[in-house]
Every structure is written in C-alpha cells, then in structure tokens.
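See structure below.
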Amino acid sequence: MSEKVVTRFAPSPTGYLHVGGARTALFNWLLAKRTGGTFILRIEDTDQKRNTPTATQQVMDDLRWLGIQWDEGPEVGGPNGPYLQSQRIDIYNKYIKKLLDEQKAYYCFDTTEELDALRKEAESQKKSFSYSRPKEFPNESDVEKAKAQGRDVTVRFAVPQDVPMVVADIVRGEITFAAGAIGDFIIQKSDGFPTYNFACVVDDYLMKITHVIRGQEHLNNTPGQQALWRALFSSPLPKYVHMSVTVSDTGGKLSKRERPKTLRTAIKAKQDIDLEKLAETGNITPEQLDSFIKGKAMPDIPAIDAMAEYLGAALPEINIVDFFKSGYLPETMVNFLALLGWNPGDNREIMVLDELTESFDLSRLTKANSLFDRRKLLAFNTEHIKMTPPEKLLQHLRAYLKTVNSPVNSAEDELLLKIIKLCEGARTLVDIERKSRFLFLDNDEIEYDNKAVKKVLLKNDGLAVLTIVRDKLAAMEQFTEQVIEDMLRCLTEEKQVGLGKIAQPLRVAICGTTVSLPIFESVQMLGKKDTLTRIDTTLKKFAAEN
RNA sequence: GGCCCCAUCGUCUAGGUAGGUCCAGGACACCGGGUUUUCAACCCGGCAACAGGGGUUCGAAUCCCCUUGGGGCUACCA
C-alpha cells in the first residue's frame, strides 16, 4: 500500500502565469487527481525585489480559469500553512540555526563584488566556480564584528564534497554529479530571507510532498537540495521528475521576454512613429521608452500591452491571459499543454480534463524538449469550440466579451446562443465576436473596409445589385430568414449568377466587411429598418465614387 | 568555458524499458482536388522522418561508443 501522493506547484509571484508554469502546474495537478492525492499551491515569494503585489492573485485567477484548483494553499487554507513563504521565515530560521549549530552551515561575509571577481577568475581558468569553504567556520563574535563593519552576512550550506551525488529521476533515470561538483551555496540571504534552494526543501518536507514535478531547469539544483534534505531530515527524499522544457519557435526557452522583444522589433521596423505619443500611451517617459528601444530597460506589462495596441502590433501569447484575450478556451489550453511532453499512449489528442486525468501517467512523459506550435493550438481550439456545449461556450464567450469590452456583450443570453450556433466552425472566440459585432453597432458606427468596398461594391455592378436588393427588401411584408432567402435565391436565378454576387454587396452594406454571420440570418437579425438604412447610407456614400 | 539533459516527418509525437510483425503509425502544418452566401468548417487525395559514423547481432529506429546538433544551469532569482 503506497502512501498518498502529494504534489505542489510553487510559482514565484513575479507576474502572470505563463504557459510553462501552467504546464508544470497541470502535470502536478493531474498526478494528484489521478491518484486521489493532494495538490498544494505554495507561493515562493522570498525575493523581495522581484515580487509584484498583484501577481499572486493573477496566478490564482489563471489557474482557476484553467480548471486547476488546489486542495491546499492561499485562500483555501490547509493543515500545512501558511502557504506564502514570506510568512514562514521563523520556520526557516529554526532550521538554519540547527544547521549552524551542527556545523553543517556557516556564515559568510563576502561582498557581491568579491564573489564576482572569484567567479571571473574561475572562468578564466576554464574551471567551474565553487566557493572555497573556510577551514574554520566564523563564530558569533565574528558575525558581530562583520556587522559592525557594515558587511553583509549570509549563511552557506556546507555541501558534502567527498562522494558523488546521484539524483534518481523518474523519467530520466539516475543522474550522477561528480564528488565536489556542487559547491557550498547560500541558504540565507543578507536580508534574512532564505534562498529558494533552502525554503523549497524545508517546505517540501513540512508539506509532505511526495512527488516534485518541475522543469528541467531545476535539475542542477536537485543534488544540492537533496544534500540539504539529508542534512536536515531522516525521512526519505521525495520522488523527482524533471520535465522537458517548452521552447519557442524563435529558439530557446519560451519566455516572457518575447513580448517586449517583439514590441521592440515592431517599433524599430516602423519609421514614422510618434515616440512621444507612444511613451504617453504606455504611461512611461520618453527617456524610459528610449532606453527600452535600446534594450536597456524593461517597462511593465501594462505599458508593453498598451504600446503594442497603439501600434497595432500583435505580440506572441506567452501568459495564460494572453491566450484568453486571443479567444482561446481553457479546455484548449489544458489539452494542448498536457500533450507537450506527454501523451496517453494511443492516438487520442483531443481530450478534456477528465480524460486527461484518467489517462495520466508519469511513465509517459517525454524526455526531449518540445516546441510550442501555435498553429496546432489553433486547430485544437477549433475542435474544442466545436465540441463544447453551447451553454458552456456562452459562459466562456461572456467572459471574453467582457474583458475585451465588446459591444456584443450587450446581447441577451438567448441571442448570444443563437449567434454561437451560427458560428459553427469558428476557430477562436474572436471569430464569433467579429462576425456578430455589426448587430450591436449603431448604424453610423459601421466602418467600411476599403478592400471589401472595392472588391464587391465598386466592381461587377455591386452597387446596382445592391439597389435591386434594397427595393426587394423594402417591399417585403414579412421579414423572416426564409422570405429573405427565397428572395435572394430567386434573384440569382433571374440574373444567372452565384449567390455570392448578390449576398456580398449586401453583406458589406450592413456590416462594412465581407465577414459576418450567414447572410440570411444577418439581415433578419439586424431587422428591416436598420438594414434599409445601412443600404441607403452605403449607396449614397459610394455612388459618387463609382 | 564548466556541469547537466536531449536527439523519429517542417511541428507535436507512436514505436525504443522484452531488437525481427516499422521499406516507420497518428495529429497539426503544407500541397492538390471537391463542397460553399463571406470567414471558417467539412470531404477526398498527396508530400514528408529514424542527425552522422562506428560497433554488438543472423537481424537495430530500438542496445553500446564517438561525433555533430539543440536545450538547460552556471545569482545573496526562482
């Protein structure tokens, strides 16, 4: 009888939840759910400089949007709290003292500059840097002295140097690090906070974590963490899994930096930008903008987003919210992320959370890095939109419309459901919004797409056809889809043309673009009065140009 | 530079832990055709891979070694 599985997702609150983090969270969650275990959310906020105040909330919102709910953690509590590391300092101090007392850790007084110099020297000798442990550990009075001199005090863990260290990874097997390969590392910073490598070990122990599933970028930390665990605790180590990294199509790890990078490229590519206006849009100073363009500084996320919108530049989606704003469903994200480095072993691809949970198995994790392919993601979204029940899709659509502030949001549920059904084949929620938008604009808010006007109104007698259609519509007593369809089809026979020749001018007249809901429904839903008004406006506006 | 991980179609991957049933299967993308009132969706067909070199073996995508290539880490960040 094996013990109950306990996993955890331990983000540092430095910003929004990004796809890499979401995937880590998902795999941890899936394993816990699959085995009837517990999934813990722990916030690793031990870096005072990097934490953003709202990040924890954002991360939690995004996890919930994905359907990943934690059993223990912030807002839900649990027996192993608190779940914010910044509230656990006393606990860490206790263990640091223990290590110090047992001579397994020691004080250091080096400055950053001194350490940098040592590192440089090691590199120039083509050796890996390893902190050289003092023969005798400084005592309390040394600490007082150093403090009096204004020196920073840190604590280092004395890593056993005489034996090789072996990390047993569930998917990768045993990984050996040579004796002495892991140098003494800092476990307490000069501000009194523990480092990640320390707090993580203590909390994994206290929270009884059985499986640590994390990115491959943590593999090199593991031997040190294991050594720490053994120095502190007698119970067996948790099991480790280091997942492959998700790489970007631009090469390298998929990173939040890609958005600012893309924006910078976009700014440079355009010659005629009003930089002052741009800075103002992002609510930053022209100097800040300048240093951003030169690659020296990094504005915050709202500034990046605002400037991108101002320029009409599409930034790659990296954060989970980016995908939400691009009209992706949470079901899509969870499905796609799960298949990045894992598969169920048969040819199934489109799966919902329940199916993923049922099929999940650590032994089916892939070792190789995988590339985040947005085109496949789009295909997945198309599938999920197709298979999601309209009522559920309605909820997703509402949330989307609300955040993008769409006029379509004013529609009643019943109408929105009808629209959803008419949008069969949509790839994202953006498609649905775009196709139905014209129904919720005032007549004078219609913007004409130049290309559409040229192609369907100013060519092939578009305006003439539109005039005929207008009169037939005006003459109608009933204004149902069927009557409208009959009339238009009848016209195609008279004129011996395809329906496109007749429908498209009408579509452009009422929508301003060539893309909308199916034409009969479009006209019927808009209603006779507005349809005629829009046609008249169109005829008047473009008659002169013809 | 050092340490560590990885390597099947353009991409995600199946197959590799019991070597033959794999002249390598699926999906996305792409190409060609069809359907069509727009955008999509949909239907049919097609292209396309075991990184290279050595072993082991009757036989290797599957096991071993080297090379090459990609990635990660190298902080008083996590």
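A, B, ... follow the sequence lines: proteins, then strands. Residue 1 opens every chain.
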Heavy-atom contacts, protein to nucleotides 33-42 of chain B, under 4.0 Å, summarised as B (base), S (sugar-phosphate only) or - (none) per nt, yield ----BBBBSS

Does a side-chain N or O from A:Ser370 land closer than 4.0 Å to OP1 or OP2 of B:U13, or not?
-> yes

Across the strands shown, which category fits A:Arg374 at heavy-atom distances under 4.0 angstrom: base, sugar-phosphate, nothing?
-> nothing

Ring centroid separation for A:Trp229 and A:Tyr205, is it under 6.0 angstrom?
-> yes

Of A:Thr366 and A:Leu377, the one whose closest RNA chain B nucleotide lies more 5' = A:Thr366

Searching all strands shown, indicate the nucleotide that pairs with B:U37 (Watson-Crick or G-U wobble; both distances under 3.5 Å).
-> none

Whole-Å distance separating the CZ atom of A:Arg348 from the P atom of B:C28 = 17 Å

Determine the Euclidean distance between corresponding P atoms of B:C50 and B:G45; express it in Å to zero decimal places.
-> 25 Å

Atom C1', compared across B:U57 and B:G71: separation rounded to whole Å | 34 Å

If the C1' atom of B:C22 is compared with that of B:C9, how far apart are they to the nearest Å?
-> 14 Å

A:Asn343 CG - B:U13 P separation (whole Å) = 8 Å

Pairwise P distance for B:A41 and B:A14, with rounding to whole Å = 27 Å

Under the side-chain hydrogen bond (donor to acceptor under 3.5 Å, both in side chains) rule, what do A:Thr195 and A:Asn197 come out as? Steps first, then yes or no, please.
-> CA-CA 5 Å; A:Thr195 58; A:Asn197 276 313; 5.4 Å; no

Given atom CZ of A:Arg375 and atom C1' of B:C12, what is their separation to the nearest angstrom?
-> 12 Å

Pair A:Asp486-A:Gln482, side-chain donor/acceptor within less than 3.5 Å | yes

For B:C3, which nucleotide is its Watson-Crick or G-U wobble mate, given both distances must be under 3.5 Å?
-> B:G72

Expressed in whole Å, how much space separates the P atoms belonging to B:G20 and B:U36?
-> 49 Å

Between B:C30 (C1') and A:Asp373 (CG): distance, integer Å = 12 Å

Using the C1' atom as the reference point in each nucleotide, state the distance between B:C63 and B:A18 in Å, no decimals.
-> 12 Å

If pairing means Watson-Crick or G-U wobble with both distances under 3.5 Å, then the partner of B:G19 is none

Donor-acceptor side-chain pairing of A:Tyr92 and A:Asp203 below 3.5 angstrom = yes

What integer number of Å spans the C1' atoms of B:U37 and B:C42?
-> 16 Å

Donor + acceptor pair across side chains of A:Ser244, A:Arg23 (<3.5 Å) | yes

Can A:Gln225 and A:His218 be counted as having a side-chain donor-acceptor contact under 3.5 angstrom?
-> no

Sub-6.0 Å ring centroid separation between A:Phe198 and A:Phe185 = no

Tell me, for nucleotides 73-78 of chain B in 5' to 3' order, what letter each nucleotide earns: B for a base near a protein heavy atom under 4.0 Å, S for only sugar-phosphate near one, - for neither?
-> S-SBBB

Counting only heavy atoms not in A:Lys104, do more than 12 sit closer than 6.0 Å to its NZ atom?
-> yes

From the list A:Met525, A:Met487, A:Arg489, side chain to side chain contact (heavy atoms under 4.5 Å, CB included) partner of A:Phe520 resolves to A:Arg489

For B:C58 versus B:A51, give the span between their P atoms, rounded off to a whole number of Å.
-> 25 Å

Rounded to the nearest angstrom, tell me the gap between atom CG in A:Leu254 and atom C1' in B:G70.
-> 16 Å

Interatomic distance where CG belongs to A:Leu378 and P belongs to B:C12 [whole Å] = 17 Å

Measure the acute angle between the ring planes of A:His384 and A:Phe380, then classify it against the limits of 30° and 60° as parallel, tilted or perpendicular.
-> tilted

Rounded distance in Å - CZ (A:Arg172) to C1' (B:C6) | 7 Å

Under 3.5 Å side-chain donor-acceptor pair for A:Thr513 and A:Asp449 | no

NA contact type, A:Ala379, heavy-atom cut-off 4.0 Å: base, sugar-phosphate, or nothing?
-> sugar-phosphate

Counterpart base for B:G46, defined by Watson-Crick or G-U wobble contacts under 3.5 Å | B:C30

Gap between atoms CZ and P, on A:Phe380 and B:A29 respectively (whole Å) = 11 Å

When you measure from the side chain of A:Glu349, which nucleotide among B:U11, B:C12, B:G72 comes out closest?
-> B:C12

